[in-house]
Amino acid sequence: MSLWRYANPVEFMRLSGRVLPVLTAFTVACLGAGLVWGFFFTPDDYQQGSTVKIIYLHVPAALMAINAWIMMLVASLIWFIRRHHVSALAARAAAPVGAVLTLVALITGAIWGQPMWGTWWVWDPRLTSFLILFIFYLGYMALWEAVEDPEKAADLTAALCLVGSVFALLSRYAVLFWSQGLHQGASLSLDKEENVADVFYLPLLLCIAGFVLLFVSLVLLRTRTEIRARRLRALETRGGAA
């Protein structure tokens, strides 16, 4: 069975309609358990005090802000290569979700940074690249709204997505290219010595799983809405022509 069959809008609507309730249930379970565990049943950090608990929002949001753009990149490449409309609509559906996650990462980072660094904002490499990524999200959504022809809009936004991918990768790896700045190292890493303490680790993993499921659920839901909106416009156009 080929995965490309789900590029057909009918097949996509059928499959997504079945999996969305399951995904929603897992999302609520993971997010609920992770946030309650993290905020109410973990101790304060010996250096950062209770402010460390913002990692349960900041780290998953920052992680998904970058991965949302990577997902849009993959969908855009599929559009360029195979011209599947569902992939273009999925990329469009993911953009507002990614923008909100980027904004959450920026705001929670500022709230965390003020007591830790003594300032709400610094122009350090990672923060600056994240701000640019947020601007790219806004530009991507504005371009979809500005171009009336859906095929032309899909082409232009896919090209913009390719350019913005540079900043999505910089947001992740900026500290490897330039000085660290005030931003601390990764909270999670393949290097066990760089990970957060074990007492924070499991609830953080649950929150990350919850944010991943939340992103997938919202993108599926919004893609279904985009498909229905396109069908409605097609019916209105045929009605007008008749």
Side-chain angles (χ1 to χ4, degrees), residues 1-24 26-27 63-102 132-173 209 211-241:
M1 181 186 299
S2 171
L3 286 176
W4 294 116
R5 62 178 290 196
Y6 297 110
N8 180 298
V10 174
E11 291 291 338
F12 176 84
M13 293 294 279
R14 182 180 298 127
L15 177 66
S16 60
R18 290 175 181 168
V19 300
L20 255 177
V22 179
L23 280 177
T24 303
F26 277 107
T27 300
L63 186 68
M64 289 312 301
I66 299 170
N67 286 326
W69 194 276
I70 300 301
M71 173 261 158
M72 290 163 57
L73 171 64
V74 173
S76 298
L77 290 174
I78 292 173
W79 166 253
F80 271 140
I81 296 169
R82 303 192 66 124
R83 311 302 285 182
H84 288 315
H85 288 88
V86 171
S87 65
L89 294 178
R92 181 179 185 177
V97 184
V100 170
L101 290 169
T102 309
I132 295 174
L133 178 63
F134 179 63
I135 295 171
F136 262 95
Y137 271 119
L138 297 182
Y140 181 92
M141 291 186 289
L143 190 55
W144 264 109
E145 296 298 327
V147 181
E148 291 188 6
D149 182 356
E151 299 252 340
K152 187 176 180 181
D155 285 337
L156 292 175
T157 52
L160 180 63
C161 189
L162 290 177
V163 177
S165 299
V166 174
F167 290 94
L169 293 175
L170 284 178
S171 302
R172 175 67 182 86
Y173 298 107
F211 270 71
V212 171
L213 290 169
L214 178 65
F215 172 75
V216 174
S217 300
L218 290 176
V219 170
L220 286 180
L221 186 63
R222 286 185 48 77
T223 304
R224 289 169 60 85
T225 303
E226 293 285 350
I227 290 173
R228 287 181 175 132
R230 181 165 288 195
R231 286 175 176 173
L232 181 60
R233 283 194 295 272
L235 288 173
E236 289 175 344
T237 302
R238 288 176 195 168

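As the structure is a prediction and not an experimental result, all values here were calculated from the model. Positions are given from 1 along the sequence.
In this view, Val147 and Leu143, Lys152, Ala153, Leu156 satisfy the side chain to side chain contact (heavy atoms under 4.5 Å, CB included) rule, not counting sequence neighbours. In terms of the salt bridge (Lys or Arg N to Asp or Glu O under 4.0 Å) criterion, Glu148 has no residue partners (sequence neighbours excluded). Checked against side chain to side chain contact (heavy atoms under 4.5 Å, CB included), Leu221 has the following partners two or more places apart in sequence or in another chain: Leu20. Checked against side-chain hydrogen bond (donor to acceptor under 3.5 Å, both in side chains), Thr157 has the following partners two or more places apart in sequence or in another chain: Trp144. Remark: Thr27 pairs with Leu31, Leu213, Leu214, Ser217 by the side chain to side chain contact (heavy atoms under 4.5 Å, CB included) rule, at least two apart or across chains. Partners of Ala209 according to the side chain to side chain contact (heavy atoms under 4.5 Å, CB included) rule, which considers only residues two or more places apart in sequence or in another chain, are Cys30. For Tyr137, the side-chain hydrogen bond (donor to acceptor under 3.5 Å, both in side chains) test picks out no residue, with sequence neighbours left out.
More than 12 heavy atoms of other residues, nucleotides or ligands sit less than 6.0 Å from atom CZ of Phe80.
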Ignoring hydrogens and angles, write down the donor-acceptor pairs under 3.5 Å from the side chains of residues 85-93, residues two or more places apart or on other chains.
unit_1	atom_1	unit_2	atom_2	d
His85	NE2	Glu151	OE2	2.8
Ser87	OG	His84	O	2.6
Arg92	NH2	Glu145	OE2	3.0

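Among residues at least two apart or in separate chains, salt bridge (Lys or Arg N to Asp or Glu O under 4.0 Å) pairs with a member in residues 153-166 are Arg83-Asp155. The stretch residues 223-234 participates, sequence neighbours left out, in these side chain to side chain donor-acceptor pair (under 3.5 Å) pairs: Ser16-Arg224.
Leu101 has its side chain out of reach of Leu63: every pair of non-hydrogen atoms, C-beta onward, lies at least 4.5 Å apart. Side-chain contact between Thr102 and Trp69 is absent, with no heavy-atom pair separated by less than 4.5 Å.
The nearest pair of heavy atoms linking Ala95 to Met141 is CB-CG, 3.8 Å. Here the shortest heavy-atom pairing between Pro9 and Ile227 reads CB-CG2, 4.3 Å. Scanning both residues, Leu133 and Gly164, for their nearest heavy atoms gives CD1-O, 4.5 Å. Heavy-atom minimum distance, Ala68 versus Phe215: CB-CE1, 3.5 Å.
Ile70 contributes atom CD1, which lies 8.0 Å from atom SG of Cys161 (distance to the nearest 0.5 angstrom). Rounding to the nearest 0.5 Å places CG of Leu218 at 10.5 Å from CG of Leu23. Taken to the nearest 0.5 Å, the CE atom of Met72 stands 10.5 Å off from the CG atom of Leu162.
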